[in-house]
Amino acid sequence: MFIRFSLTSHQRQYLLGFVANFSTLMYGISVGWVSPTIPLLMSEEETPLPIGAITKRQASLISALLYISGLVGSLCFGWVADRLGRKWALYLGTIPHVIAYLLIIFAADISYLYISRCLSGLGCGALFVALPIYVSEVSEDKIRGGMGAIFCNMVSIGIVTGRAFGSYLDFYVVPYGVLGILAIFIIVFPFFPETPQYLLLRQRHEAAEKSLRFLRGVSQNLQIPLPPDVREELEALKNSPTLHNQNKRIKMEDLKPKTTRRAILISLILISGRSLCGVLPLDNYTATVLMEAGSHAWSPNLSALIVGVFELIGSNLAIICVDRGGRRWNLLVSSGGSAVSIAILGAVFFVKSFYGVESAASSWLAVVSLSAFMTLAAIGVVAIPFSVSAEVLPPKLRSPVSTTFMLLYWAMTFVIVDFFLIFGDHSGMYTPLWMCGAWCTFELIFVYFYLPETKGKSFDQVEMELKGKKRKEKEAAASPS
C-alpha cells in the first residue's frame, strides 16, 4: 500500500526523488566525515583510538577503501536491482551502512575503521547503481534532469553534515547521529512504489499501472480509466525499446555505428571526469589541504565547512540550471571555471613551496579558490555525466556501458584518493592540483568540439546530432526542397 497525499504529479515525483536520495546523505557523510577526522586520528595528542595516532598512509587507505569496495557494491547490488527491483536494491543497500557505523562506535584500532569503510563502500555502490535507475524510471521527461541533479545536492548536504559532525561531535558520538538520519530513510521509503518499468519487465502489469497512477497523481482504482496522457505514457512504456532489449545479448554489430562509438566515448570522458577533476580527493582531504596551505583566518575544519557550503550552493544551482541552460553550456562553464580555480589553488602551494610565502592573504586565497572550484564543479562536471550518458547511448547499451564505466569510475577514484596526499608530499601539492586542472581544461575542449546539446531531445534527435554537421548537411541536400 502506497502512502496517500494530495500533490501534483511533479510534486509527487520531486518528493519521491528527495526521499530516495535521502540515502545519498550516507555517501556524502561518509566522504565529508573523513575531512576533519583524518587530522584528528593523525594527532598524537588528540587521537581517540587507544592504539595512538595513525600514519598518513593509513589515513589515505581509510579514505580510499570506500571507493574500491564501492566497485564490489555496484556489482552485487546491480544484480539485486535486476532480480529484486530498483527499490529494494536501494533499500537493502542501507544494511552495510548500519553495520559500518556500529563498528565505529566500538572502534578500538585501525582494523575497525578499515572494515567500516569497506562496508560503507558496499552501501555506496548500491546507491550509485540503483538510485540513478530508480529516479530516471519514476521521472517524467520534462523534469528528469532536475530530478537527477538532486543526487549531487544531497551528496553536498551529506558532506557538510559529515564535516560538521566530525568537527564538533566526539568521534564515538558521530555514528549515533548518522544512524538517526539513516533511520528516517529506513522507515519512510518502503511506503513508496517500485518503478513501473521494472514491474513491466517482470510482467506485473497491474502493479505497474498502480505505480504509474501513484506517480502521476491519479486514482489508484484500476476500474477508473486513466487520463489520456497517462494512458499514452503507460502504452509507451510497454512498447519501449529499453524494455524489449533487456534480454537481448549485445553483439559487435551494435558497436559499429559511428554514433554509438561517439556516444561511448562521450560517456567515458564525462564519467571519468568525475574522478579526474579532483573533487573527490579534495572532498576527503579538505581540512588537510587547507591546513597545509596555511589557514590563518579560520581553523581548517571551519574552512572545510565553508567550502562544503559553497559546494552545496553549486549542487543547488545544478538542479536549476541543468534543465534550463542545457547540458553542454553547464559543462562548458563548469569545466572552464574549475580549471581556473584549481590552478589558482595549485599556485598558492607553488608559491609557498618555492618562495616560502605563507600569509593570511594566501590562506584566504586557498579557501576562496577551493570554494569556487567545488561550486563550479558541482554545477556540471559532477552533476551531469550520468544524465548525458543515458541520453546519448542507445537504449540497448545503456545498462552494460553505464555499469562498465561505473566500475572504472570506482577503480580510478580509489587510486586517486589513495595516492593524492602521498603524491602531494612527494612532488608538491601543486602537482596533483595542476594535473586535475589540466583534465578540466581537456574536458572543456572536448565538450566544446565533441558534445551535442541533449536537453529536451529524444534519442533519435540526439543520434542525428551525433552524426555531425557534415552528415546532416548531406542529408539536407539530398532531401527534396
Side-chain angles (χ1 to χ4, degrees), residues 2-3 9-24 74 77-93 126-151 154 189-218 226 229-247 322-323 384-403 406 454 456 458-459:
F2 308 145
I3 191 169
S9 174
H10 286 183
Q11 288 172 340
R12 282 171 179 256
Q13 291 169 66
Y14 273 115
L15 175 62
L16 179 52
F18 175 78
V19 172
N21 274 280
F22 212 75
S23 60
T24 313
S74 292
F77 284 96
W79 181 87
V80 174
D82 286 337
R83 298 300 183 277
L84 300 182
R86 291 71 160 111
K87 172 184 174 180
W88 293 110
L90 193 57
Y91 193 73
L92 293 173
L127 171 73
F128 269 77
V129 74
L131 185 61
I133 300 173
Y134 184 83
V135 170
S136 175
E137 291 184 353
V138 299
S139 307
E140 290 181 57
D141 293 342
K142 293 180 180 179
I143 62 171
R144 184 169 291 120
M147 288 278 285
I150 295 175
F151 180 93
M154 296 297 280
F189 191 59
F191 290 100
F192 290 88
E194 180 59 84
T195 71
Q197 287 91 327
Y198 177 79
L199 294 169
L200 287 172
L201 181 65
R202 294 299 174 190
Q203 303 299 315
R204 296 170 60 188
H205 294 276
E206 285 192 3
E209 183 176 335
K210 284 186 176 181
S211 174
L212 188 63
R213 283 173 176 268
F214 171 86
L215 294 169
R216 303 302 177 255
V218 299
L226 286 168
D229 58 332
V230 180
R231 167 59 61 186
E232 184 179 339
E233 182 180 3
L234 180 61
E235 292 303 318
L237 288 175
K238 290 179 180 179
N239 297 310
S240 70
T242 305
L243 190 66
H244 294 291
N245 284 328
Q246 289 286 337
N247 298 318
V322 71
D323 280 329
I384 293 178
F386 292 113
S387 298
V388 171
S389 178
E391 290 168 336
V392 299
L393 288 169
K396 186 176 180 179
L397 297 179
R398 283 174 191 167
S399 180
V401 170
S402 297
T403 300
M406 176 61 70
T454 60
S458 67
F459 175 70

Problem - Minimum side-chain heavy-atom gap Tyr134-Thr195 below 4.5 Å - result: yes
Handout entry: Close side-chain approach of Leu234 and Glu209, heavy atoms under 4.5 Å
Key = yes
Handout entry: Qualifying residues under salt bridge (charged side-chain N to carboxylate O under 4.0 Å, His left out), relative to Arg202, sequence neighbours excluded
Key = none
Practice task
Evaluate side chain to side chain contact (heavy atoms under 4.5 Å, CB included) for Leu84 paired with Leu92, printing each intermediate quantity in order.
Solution key: CA-CA 10 Å; Leu84 300 182; Leu92 293 173; 4.0 Å; yes
Practice task
Could you label the plane-to-plane angle of the Phe192 and Phe214 rings as parallel, tilted or perpendicular, counting under 30° as parallel and over 60° as perpendicular?
Solution key: perpendicular
Problem - Heavy-atom closest contact (Pro193 atom, Leu215 atom, distance) - result: CG-CD2, 4.4 Å
Handout entry: Donor-acceptor pair, side chain of Gln197 and main chain of Glu137, under 3.5 angstrom
Key = yes
Practice task
Mind checking side-chain contact (heavy atoms from CB on, under 4.5 Å) for Ala130 and listing every partner two or more places apart, or none if nothing turns up?
Solution key: Ala89, Leu90
Exercise for the section: Tell me, please, which residues at least two apart from Ala208 pass side-chain contact (heavy atoms from CB on, under 4.5 Å). Expected result: Leu199, Leu200
Exercise for the section: Grab the two heavy atoms, one from Leu226 and one from Val230, that are nearest each other, plus how far apart they are. Expected result: CD2-CG1, 3.8 Å
Handout entry: Spacing of CG belonging to Leu201 relative to CG belonging to Asp82, to within rounding of 0.5 Å
Key = 8.0 Å
Problem - Among Thr24, Val135, Asn21, Leu131, side-chain contact (heavy atoms from CB on, under 4.5 Å) partner for Ile150 - result: Asn21
Problem - Gap between atom CZ of Phe77 and atom CZ of Arg86 - 0.5 Å precision - result: 15.0 Å
Problem - Pair Glu206-Lys210, salt bridge (Lys or Arg N to Asp or Glu O under 4.0 Å): steps then yes or no - result: CA-CA 6 Å; Glu206 285 192 3; Lys210 284 186 176 181; 5.7 Å; no
Exercise for the section: Please round to the nearest 0.5 Å and tell me the distance separating atom CG of Leu127 and atom CZ of Phe151. Expected result: 4.5 Å
Problem - Heavy-atom pair with the smallest gap, counting every atom of Ser211 and Glu194 - result: OG-O, 2.6 Å
Practice task
Indicate yes or no: at least one non-hydrogen side-chain atom of Arg216 is less than 4.5 angstrom from one of Arg12.
Solution key: no
